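Working notes for the structure below.
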Amino acid sequence: MTRIAHLSDIHFGAHNPKIVSATEAWLEKRRPDLVVISGDLTQRARVSQFREASGYLNRLRHAGLKLLAIPGNHDIPLYDIIRRFGAPLDRYKRFVSNDLVPWFEDDDVAVLGINTARSLTIKGGRINQEQLALIRERFRLVPEQKTRILVTHHPLFAMPIGKGSELSEAVGGHENAVSAAREAGVHIALAGHFHRTYAESASSMAENLGASLVIQAGTATSTRLRNDEPQSFNWLHVERRDRISLQVIAWNGTSFSDGAETLFTFKGNRWKVEDISGAHQFETGQPLGA
Ligand SMILES: [Fe+2]
Ligand SMILES: [Fe+2]
């Protein structure tokens, strides 16, 4: 079994320092096998913000934790046009990682991060042909029994983000991205960006989306919340490629508390909620914690 903490949208520069410290304490105590950070590490890609992000990541590394991070749209300078178009991910590479296609593999899982942040789009993201080929290629050699996990900042799928039925935009080129993920046999798609937690079987969202379990993380530490959903991150236990459990760890104003544990099993070409233990926190297909 592999235990993964999935954090997103940390946004140094618009962060709550107390909550940042609380995530560190939580991670050091629970000791996940992997910490995934799915983008937007900073608020405006400023050097001071990247320095804070770098300090945070280094403290986690020092504690012996393994990290897999990718950039988000906020990690590309917005107003500095020369840097935005000339060297958009320069600071990310300098302070976070040179690796824009991070990979983690152990006996149970194979995890690939893909950068969807672009200079040309302010908020939206894209996946290009080269990245699609990489998704297929990297997962091709992974042994059958391992759970394949794809991490992007922008979700591959349109999903509810506002109150009622407002749907988000999916990442640019998402039809091709979804095909690549389907062909690569991706079991779980992790993303962030909307500061909203959500989990659903792709096959229940629309036709031809494939069979992955789509999991969105809220913002772990930002003060900018959507619909007042509190800061949170996801705690995944990947037991087998057809059986994983998910808990939302949410900020309650003074500390992080564990939400209900939802067990997903893969049956008949879709992920289903098998069991929910503890206080009921969300229903599949609904924003978590809504
Ligand atoms: Fe964000
Ligand atoms: Fe974002």
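Just so you know, ligand 1 is whichever comes first in the structure, and atom 1 is the first atom listed for that ligand. Note that the structure is predicted; figures quoted are calculated from it, not measured.
With respect to Arg243 and Glu274, no salt bridge is recorded, no charged nitrogen being found less than 4.0 Å from a carboxylate O. Using a cutoff of 4.0 Å between basic side-chain nitrogens and carboxylate oxygens, Glu28 and Arg59 are not scored as salt-bridged.
Looking at Arg270, its side chain never comes within 3.5 Å of a backbone N or O of Ala202 through a donor-acceptor pair.
Here the options are Asn115, Asp75, Asn73, the test is side-chain hydrogen bond (donor to acceptor under 3.5 Å, both in side chains), and the partner is His153; only Asn73 passes.
Each protein N, O or S atom less than 2.8 Å from the Fe ion (ligand 2) was counted, giving 4.
For Arg3 and Trp235, the positive end is not near the middle of the six-membered ring at less than 6.0 Å and at most 45° from its axis.
In this structure, the side chains of Phe12 and Val20 come closer than 4.5 Å at one or more pairs of heavy atoms.
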